[in-house]
Structures are given as C-alpha cells and as structure tokens.
Amino acid sequence: MSTPLLTPLVANICGFAGMACIIFAYAYVTGNKAANPFVQHGVNLAGAALLTVSLLVNLNPASLVLEFFWASIAIWGLIKAARSKRA
C-alpha cells in the first residue's frame with residue numbers, strides 16, 4: 001500500500017505557504033510606491049494555488065470559491081501588466 005502524496009501534513013504546509021505568499025504580496029504592494037505588478041499578482045496567484053491545494057484535503061467550499069476568484073483576479077492583473085509592458 002502506497003502513501004498518498006497529498007497528506008494532511010503536506011496540505012497544511014501548502015496552506016501556510018500560500019497564506020505567507022498572500023500576506024507578502026499585500027505587504028509588498030502596501031510598502032512600495034511603484035510595486036512591480038508581476039511580483040504582486042504572481043505571488044498572489046502562487047498563494048491562491050497553494051491554498052487551493054490545501055483546500056483539496058481540508059475542504060471549505062467558501063474558501064475554495066474565494067481562492068478561485070483570488071487566482072482569477074491575479075491572472076487578470078498579470079495579463080494587464082503584460083499588455084501594458086508591450087505597449
């Protein structure tokens with residue numbers, strides 16, 4: 001019998017790492033006059049993805065929906081940043 005890769009411990013570690021990413025992104029944009037949008041939205045996207053991994057084991061439907069929207073907004077921000085960089 002094999003051990004599942006996504007154990008509750010691994011899920012919790014992913015969740016805490018995701019939480020740290022989102023807190024870092026918020027502090028980063030708050031503390032910088034000209035924050036790099038790729039850092040801000042990229043770290044937010046990573047945080048949402050890691051929290052989603054955690055929520056796959058420790059299901060909380062409301063938080064899962066929140067992370068979907070958090071990731072969607074981060075992707076939108078990355079697309080806007082890439083378009084403005086090209087212009």
Side-chain angles (χ1 to χ4, degrees):
M1 181 176 202
S2 66
T3 304
L5 181 62
L6 193 55
T7 65
L9 176 63
V10 172
N12 285 335
I13 291 169
C14 288
F16 278 104
M19 176 214 44
C21 287
I22 289 174
I23 290 170
F24 169 81
Y26 186 68
Y28 171 75
V29 75
T30 302
N32 285 292
K33 289 184 180 182
N36 182 327
F38 293 103
V39 172
Q40 176 193 358
H41 298 302
V43 173
N44 268 322
L45 181 58
L50 286 165
L51 280 162
T52 298
V53 169
S54 173
L55 289 166
L56 294 175
V57 171
N58 305 306
L59 184 61
N60 178 333
S63 292
L64 193 59
V65 170
L66 174 67
E67 294 313 320
F68 169 78
F69 283 105
W70 200 270
S72 298
I73 293 167
I75 291 168
W76 177 36
L78 287 168
I79 290 169
K80 282 182 60 178
R83 285 182 178 164
S84 70
K85 187 172 181 165
R86 274 191 267 145

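Throughout, numbering of the chain's residues begins at 1 and tracks the sequence. Just so it is clear, the values below take in all heavy atoms, side chains as well, and ignore hydrogens, waters and symmetry mates.
- Taking all atoms of both residues into account, the shortest heavy-atom contact from Pro8 to Val57 is CA-CG1, 4.1 Å.
- In this structure, the side chains of Gln40 and Asn44 come closer than 4.5 Å at one or more pairs of heavy atoms.
- Here the closest heavy-atom approach between residue Tyr28 and residue Asn36 is recorded as OH-N, 2.9 Å.
- Around the CZ atom of Phe38, the shell of radius 6.0 Å holds more than 12 heavy atoms that belong to other residues, nucleotides or ligands.
- Distance check: Leu78 CG to Ile73 CD1 gives 12.5 Å after rounding to the nearest 0.5 Å.
- Closest non-hydrogen pair, Leu50 versus Cys21, comes out as CD1-SG, 4.2 Å.
- Contact of the Leu66 side chain with the Leu51 side chain is not registered, since no non-hydrogen atoms from C-beta on lie closer than 4.5 Å.
- For the atom pair Leu9 CG and Cys14 SG, the distance stands at 9.5 Å (nearest 0.5 Å).
- With a 4.5 Å cut-off on side-chain heavy atoms, Leu6 and Val53 count as touching.
- Residues Ile22 and Glu67 have side chains in contact (heavy-atom distance under 4.5 Å, counting atoms from C-beta outward).
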